[in-house]
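Have a look at the structure below before the remarks.
Remember, it's 1-based here, ligands and their atoms both numbered in the order they're listed. As a basis for the values below, the full set of heavy atoms in this structure was taken, side chains included, without hydrogen atoms, waters or symmetry mates.
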Amino acid sequence: MTEITSAVSLEKKDNIGILAIDNPPVNALGIKVRKGLADGIEMAEKDSDIEAMVIMGRGRAFSAGADIREFGKPMEEPHLPDVLGKIENCSKPVVAAIQGTTFGGGLETALSCHFRIAVKNASFGLPEVKLGLLPGASGTQRLPRVMGVEKALNMITSGNPIGVKEALDSGLIDEIAEGELEDAAVAFAKKVLSEKRPIVKVSEKEDQIAYAREHPEIFDEFRKKNARRFRGFEAPEACIKAVEAAVNKPFKEGVKYERQLFAELMEGSQSAAQRYYFFAERQVSKIPDIPKDTPTYDINKVGIIGAGTMGGGIAMNFANAGIPVKIVDQKQDFLDRGLGVIRDNYERSASKGKMTQDDVEKRMGLITGTMSMEDLSDVDLVIEAVYENIDLKKDIFKRLDSICKDGAILATNTSYLDVNEIAAETGRPEWVLGLHFFSPANVMRLLEIVRAEKTSKEVLATALAIARKIRKIAAVVGVCYGFAGNRMFAQRKRESERLVLEGAPPTQIDKVIYDFGFPMGPFALADLIGIDVGWDRDNSNSRTLQEVLCEMGRLGQKSGAGYYKYEKGSRTPIQDPEVEKIIADFAAKQGIKRRDDITDEEILERCIYPIINEGAKIIEEKIAVRPSDLDVIWVNGYGWPIYRGGPMFYADLVGLDKVLETMKKYEAKFGDEWKPAGLLEKLVNEGKKFGDLNG
Ligand code: T1G
């Protein structure tokens, strides 16, 4: 075996040369791999003993693609497209032998080979669009030539992987390999030689793009069909344009156009944000004082207290991971209703083909209901999910402490309340923490793990591990009112509610926030969640706009009217002059002077900058480990547009000096709530960014 570079070796098996990529953990196509492949192909061309080639990856991936860590720096030659040109132009047959992850430039490398075989665990994807990019090594030109334009458009603009069966059916691979991949690849290469199969250069294939040439309308139809999904993103449109070029231009020109589009995206802020987010999401589970080898406890049985919306949604996460769950509630009809909602959720997924009926029954079989908390004596983890009342929670934890076995972890799903206070009700505070799920808990990927003062390191490590098992993105936060996400969200809620009283209609505020990239604005969101959440009906007395609206029965979508009105059976918000009059009357009673000159810019500054400022306070109080954790929280918990990276990344993009200046501008007008965080002032004085704190 010849080591060409430290990441690529060349070995001969009879008359077959094997170029193996070995660049852990995912065979990213860094300079050592690119150089190794380029030199390896040249060596094989010159070696008369070698009649055909196999390219494969060692470890768990063929290759996950270009090394994202190289982006933004000058790219060393040879560049990937040039390496792939060498592979495709090799005079000897080249077979890609694929296992595991074959993403991005990895798949493009496989596409430059003349044949492709794969084992069953292979997955194929072009996730560049998730990084705000497009396949930059001829993937947009070769993939349509292999599987046709419509399938290629879906794969390239979604960034989602396909499995080996779909790859075979679509013509992406020639064969599914049985047994040991390397042996199967050598055998396949020998078969190609013995059958004298002609070398297939994908760049020269035209049959799969002929239909699109005759039907150019499929591109605009695709744009229309996906407009909602692509809203605000730049990369999907660039992907479509590049695939159009594959149909309308000769291959070489298409490659050139693809490279131009790639460069434009690479220079843009959206790709910077999405590449930043990629690493932020992988950084969030790294806690400085919790090393990777911290011991963890097995969680084989879970108990949930409360069969309501949250309890039911939380239970589904564990059943989905194959972990049995017991749900406790006080009354049988609460349990029946809760279990009924869970079944409905699963049946709905099954009706959409997301799971089989058998899956539904298996998961339902893992969830049982009981009215006796004593039935939790054998579980490894309890998650309390009752309504936000500190006395009730303390009472529950006192009882759990006497019921649950030693070594059981006791967690609260509270959104705001003091987890230290709850832990103090037990004789095992080291085993207590918060697991703050976001509604709907079976859908939202974000989980805030609330680390209380006495939570042990092993319990925290166990929480991180179980979060991974139930496929949550977990951010570790400290104890304060609202922890991190909700504490930042409260700033936007305060300002949006002030703005609407000061004269900005809900429609204007919602449009500004929607156009920024959020799925919906604060008032459409309030109507969706329900304006009566947290409303104290018994003591309501028209003291706040929420009380006024709830007392009038304007609860939001559920009552057909809230900040908007809704036609029967529709969830589409319709501007409602009646509510604008209610707001104006309430503002007058409050003595608030309304104005009609509130600009979109003021709305954006007042709804976004306080989120950033609160984030800075959360970091300086050490409630969160790093600023990028707050970005992960906001992208996954509150719909912050991923192409803007998150509030802290966005602040660095805008410039912390501008953020500080704006905070001071409104502090002079509105007072202390706008006082800039000490950390914000410090970073500006030091000429630093939030990004400098993400190490
Ligand atoms: N470059 C550099 N590092 C990478 C990487 C990459 N492409 N992919 C993963 N890593 C690191 C990751 O940061 C982590 O590091 C470790 O590998 C394990 O990753 C020209 C331009 C492959 C599905 O977008 O989707 O090709 O934290 O924790 O959950 O057209 O990683 O351990 O130090 O995610 O098993 C396109 C991105 C690149 C694939 C594995 N490719 N990676 O998931 O492990 S652009 C991608 C993934 C491109 C060409 C274009 C996932 C994975 P650390 P992990 P995992």
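Listed for the R34 side chain is a donor-acceptor partner under 3.5 Å among the backbone atoms of E76.
Legend: residues meeting ring-ring contact (aromatic ring centres under 6.0 Å, His included) with F438, ordered by chain and number and at least two apart, are H436, Y638. Partners of N121 under the side-chain hydrogen bond (donor to acceptor under 3.5 Å, both in side chains) rule, at least two apart in sequence or in another chain, do not exist in this structure.
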Enumerate donor-acceptor pairs with a distance under 3.5 Å from any side-chain N or O in residues 147-158 to protein atoms, sequence neighbours excluded.
| unit_1 | atom_1 | unit_2 | atom_2 | d |
| --- | --- | --- | --- | --- |
| N154 | ND2 | E150 | O | 3.2 |
| T157 | OG1 | L153 | O | 2.7 |
| S158 | OG | N154 | O | 2.8 |
| S158 | OG | N160 | N | 3.0 |

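Between Y650 and F516, the distance separating the two ring centers is shorter than 6.0 angstrom.
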Exercise. After noting the C-alpha distance and the side-chain angles of N636 and Y277, does the key distance pass the side-chain hydrogen bond (donor to acceptor under 3.5 Å, both in side chains) rule?
Worked result: CA-CA 11 Å; N636 292 285; Y277 178 79; 2.6 Å; yes
List below, pair by pair, the N or O atoms of ligand 1 and of the protein that are less than 3.5 Å apart, including the distance to 0.1 Å; reply 'none' if no pair qualifies.
| unit_1 | atom_1 | unit_2 | atom_2 | d |
| --- | --- | --- | --- | --- |
| ligand 1 | 1 (N) | I68 | N | 2.9 |
| ligand 1 | 3 (N) | R69 | NH1 | 3.0 |
| ligand 1 | 7 (N) | A66 | O | 2.9 |
| ligand 1 | 26 (O) | A66 | N | 2.8 |
| ligand 1 | 26 (O) | G105 | N | 2.8 |
| ligand 1 | 27 (O) | K286 | NZ | 2.8 |
| ligand 1 | 30 (O) | E108 | OE1 | 2.5 |
| ligand 1 | 30 (O) | E128 | OE2 | 2.7 |
| ligand 1 | 30 (O) | G136 | N | 2.8 |
| ligand 1 | 34 (O) | R282 | NE | 2.6 |
| ligand 1 | 34 (O) | R282 | NH2 | 3.3 |
| ligand 1 | 35 (O) | R60 | NH1 | 3.2 |
| ligand 1 | 41 (N) | A64 | O | 2.8 |

